Asks: 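What follows is a single structure, and I will ask about it in a moment.
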Protein chains: 2
Amino acid sequence: AIRLENVSRVYPGGIRALDGVSLHIEQGEWVAVMGPSGSGKTTLLNLLDGLDKPTAGRVLVLGTDLGRLDPDEAATFRREKIGLIFQGFHFVPYLTALENVMLAQYYHSIVDKKQACAILERLGMADRTHHLPSQLSGGEQQRVCIARALVNEPQVVLADEPTGNLDERNEAEVMNIFRDLHLEGKTILMVTHNHDIGRRSGSQVLLNHGRIVRQRFTA
Amino acid sequence: AIRLENVSRVYPGGIRALDGVSLHIEQGEWVAVMGPSGSGKTTLLNLLDGLDKPTAGRVLVLGTDLGRLDPDEAATFRREKIGLIFQGFHFVPYLTALENVMLAQYYHSIVDKKQACAILERLGMADRTHHLPSQLSGGEQQRVCIARALVNEPQVVLADEPTGNLDERNEAEVMNIFRDLHLEGKTILMVTHNHDIGRRSGSQVLLNHGRIVRQRFTA
Ligand SMILES: Nc1ncnc2c1ncn2[C@@H]1O[C@H](COP(=O)(O)OP(=O)(O)OP(=O)(O)O)[C@@H](O)[C@H]1O
Ligand SMILES: Nc1ncnc2c1ncn2[C@@H]1O[C@H](COP(=O)(O)OP(=O)(O)OP(=O)(O)O)[C@@H](O)[C@H]1O
Ligand SMILES: [Mg+2]
Ligand SMILES: [Mg+2]
């Protein structure tokens with residue numbers, strides 16, 4: 001479902017955020033991506049979401065070469081197939097929690113609104129749907145971010161530190177959601193610094209200085 | 001060093017983010033504040049920093065009633081005495097990492113610049129000082145946030161989830177810095193969801209629904 005072929009991402013100034021990375025992830029796998037701060041994890045996820053383009057190499061998601069899509073096609077592909085939980089949230093500050101989640105949906109029918117409310121409710125956010133992001137706690141913001149990424153039931157879930165701001169109980173609930181997604185056959189790539197969370201996945205990829213240094217299987 | 005006397009913070013709409021909280025922390029104590037998402041931890045820190053005012057009760061820091069300071073006095077007090085590591089970072093997006101840290105300093109002498117560079121270097125950020133926040137990874141941003149809060153060597157350190165985005169090695173280095181601050185007699189109030197981190201402090205305060213439900217000592 002996910003394939004990187006000798007992918008590099010070099011920033012102006014010469015920083016090699018990713019350096020010749022090759023990776024193949026089958027449909028339905030749950031993979032944890034780990035590594036030190038600055039090792040290229042967020043960069044990797046942004047390339048898989050089509051938000052960023054590699055400096056070299058190819059990025060294929062569900063058989064599609066993201067580099068060959070024009071901006072409209074990329075936006076449609078991203079919305080239909082991929083859910084990205086951003087490390088930095090990236091909300092629209094003047095829209096409510098519910099509106100931010102519904103931004104991910106194509107139409108805004110009654111059914112869509114119900115779906116958006118349902119996932120917010122599952123994440124314990126039912127009584128905060130009309131708050132602006134600035135009126136939410138850090139962990140509440142993170143949960144809205146998760147809801148937005150998952151509301152369309154994407155085939156590929158990219159999660160960038162999805163539990164960094166969460167307490168134990170919310171973290172456990174988020175892990176239950178991921179376990180359900182896994183049982184439904186979704187492909188999950190989860191960046192985390194938390195070794196316990198990392199161990200829940202079927203396998204782990206370790207990055208360091210923009211390179212994959214280790215791939216191991218824990219299932 | 002820190003005293004809250006029956007403090008409440010009610011938001012428009014009636015949400016009681018803090019509800020009749022009384023707390024006394026001695027100079028030189030290291031206290032962990034823990035509790036579920038939405039329990040009022042960030043609200044508590046914002047009141048102690050003078051960024052927010054209580055709806056009821058008094059907030060005293062180093063003997064000063066923050067509610068009696070005018071905006072200029074509050075800004076000066078905050079800059080000289082308190083270092084707040086924000087959960088949400090709050091950088092100036094068009095200033096570099098170094099400039100964001102130096103914003104916390106009064107003058108911008110050569111000595112000040114050296115101090116800013118020194119703390120960034122201690123946090124492993126020496127080769128990222130001229131990056132904008134958008135050109136930094138999540139963990140790099142968090143470390144700049146820590147540098148900004150500590151560069152003035154404040155008497156009172158308020159840390160809101162200071163290691164949420166950090167890998168093990170960086171987390172350990174940040175904990176070393178806090179241990180040194182503690183040995184220097186600084187007062188530390190640290191919000192964290194991480195029980196291991198919470199245990200490093202001398203005592204723990206547990207919040208739930210805006211109230212203190214438990215205070216216990218672990219030293
Ligand atoms: N401006 C606001 N208007 C209304 N409610 C608010 C506002 N700001 C925060 N809240 C609410 O106040 C409560 C406490 O928020 P706070 O940020 O203090 O929680 P927290 O304990 O830091 O949580 P977390 O662990 O998720 O960071 C939350 O339920 C939040 O929704
Ligand atoms: N626009 C940019 N220009 C220059 N360098 C950048 C830019 N964006 C990111 N970087 C650098 O690329 C490196 C990789 O960043 P990335 O965000 O992928 O790291 P990460 O593994 O997600 O780290 P963390 O665990 O701290 O979130 C970092 O060292 C960062 O400073
Ligand atoms: Mg990252
Ligand atoms: Mg908070």
Side-chain angles (χ1 to χ4, degrees), chain A residues 11-15 17 34-46 86-91 93 123-125 127-128 130-144 160-161 163-171 173-174 191-196 198 206-208 210, chain B residues 11-15 17 34-46 86-91 93 123-125 127-128 130-144 160-161 163-171 173-174 191-196 198 206-208 210:
Chain A
Y11 285 114
I15 290 171
M34 306 186 69
S37 176
S39 54
K41 308 180 295 296
T42 294
T43 304
L44 174 64
L45 261 50
N46 286 340
F86 295 96
Q87 182 174 17
F89 304 168
H90 300 308
F91 291 118
L123 286 156
M125 294 293 296
D127 53 359
R128 293 285 185 275
H130 302 302
H131 282 229
L132 297 177
S134 60
Q135 297 170 331
L136 295 174
S137 78
E140 291 167 346
Q141 290 178 3
Q142 188 154 45
R143 286 179 275 158
V144 174
D160 203 344
E161 313 257 4
T163 63
N165 280 294
L166 298 179
D167 53 310
E168 280 175 308
R169 187 172 154 202
N170 276 300
E171 186 177 84
E173 181 53 32
V174 169
V191 171
T192 182
H193 283 304
N194 183 321
H195 288 278
D196 296 325
L206 271 73
L207 280 181
N208 200 6
Chain B
Y11 285 113
I15 290 173
M34 306 186 69
S37 177
S39 54
K41 307 180 295 297
T42 295
T43 304
L44 174 65
L45 260 51
N46 286 341
F86 294 97
Q87 182 173 18
F89 303 168
H90 301 308
F91 291 118
L123 286 156
M125 294 293 296
D127 52 359
R128 293 285 185 272
H130 302 302
H131 282 229
L132 297 178
S134 60
Q135 297 170 330
L136 295 175
S137 77
E140 291 167 348
Q141 290 178 1
Q142 189 154 44
R143 285 178 275 157
V144 174
D160 203 344
E161 313 256 4
T163 63
N165 280 294
L166 298 180
D167 53 311
E168 281 176 307
R169 188 173 154 201
N170 276 300
E171 186 177 83
E173 181 53 32
V174 169
V191 170
T192 181
H193 283 302
N194 182 321
H195 289 278
D196 296 324
L206 271 73
L207 280 180
N208 200 5

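No experiment lies behind these values; they were computed from the predicted model shown. Order of the sequence lines fixes the chain letters, A, B, ..., with proteins taken first and strands second; residue numbering starts at 1 for each chain.
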Asks: Looking at B:Glu161, B:His195, B:Glu171, which has the largest count of heavy-atom pairs under 4.5 Å with chain A?
Replies: B:His195
Asks: What closest approach, in Å, do A:Ser137 and B:Gly38 show between heavy atoms, and which atom pair accounts for it?
Replies: OG-N, 3.7 Å
Asks: Using non-hydrogen atoms and a 4.5 Å limit, figure out which bit of B:Ser37 sits close to chain A: side chain, backbone, both or neither.
Replies: both
Asks: Which bit of A:Glu168 comes within less than 4.5 Å of chain B, counting heavy atoms only: side chain, backbone, both or neither?
Replies: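 Just the side chain, heavy atoms under 4.5 Å.
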Asks: Which residue is it: A:Gln135, A:Glu140, A:Arg143? I am looking for the one with a side chain to side chain contact (heavy atoms under 4.5 Å, CB included) to A:Arg128.
Replies: A:Glu140
Asks: For the interface with chain A, which of B:Leu166, B:Asp160, B:Thr42, B:Thr43 has the highest count of heavy-atom pairs at distances below 4.5 Å?
Replies: B:Leu166
Asks: Would you find a donor on one side and an acceptor on the other, under 3.5 Å apart, between the side chain of B:Lys41 and the backbone of B:Pro36?
Replies: yes
Asks: Is B:Asn170 in contact with chain A via its backbone, its side chain, both, or neither, using a 4.5 Å heavy-atom distance?
Replies: side chain
Asks: Can you list the residues that meet the ring-ring contact (aromatic ring centres under 6.0 Å, His included) rule with B:His130, with sequence neighbours excluded?
Replies: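 Once residues adjacent in sequence are excluded, B:His130 has no partner under the ring-ring contact (aromatic ring centres under 6.0 Å, His included) criterion.
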Asks: Once the angle between the rings of B:Phe89 and B:Phe91 is folded into 0 to 90°, is it parallel (under 30°), tilted (30 to 60°) or perpendicular (over 60°)?
Replies: tilted
Asks: Measuring heavy-atom distances to chain A, does B:Gln141 have an atom under 4.5 Å in its side chain, in its backbone, in both, or in neither?
Replies: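 Answer is neither: B:Gln141 stays 4.5 Å or more from chain A.
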Asks: A:Leu136 versus chain B, heavy atoms under 4.5 Å apart: side chain, backbone, both or neither?
Replies: neither
Asks: What closest approach, in Å, do A:Asn165 and B:His193 show between heavy atoms, and which atom pair accounts for it?
Replies: O-NE2, 3.2 Å
Asks: Which residue out of A:Asp127, A:Ile15, A:Thr163, A:Asn194 racks up the most heavy-atom pairs below 4.5 Å with chain B?
Replies: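 So the answer, after comparing A:Asp127, A:Ile15, A:Thr163, A:Asn194, is A:Ile15.
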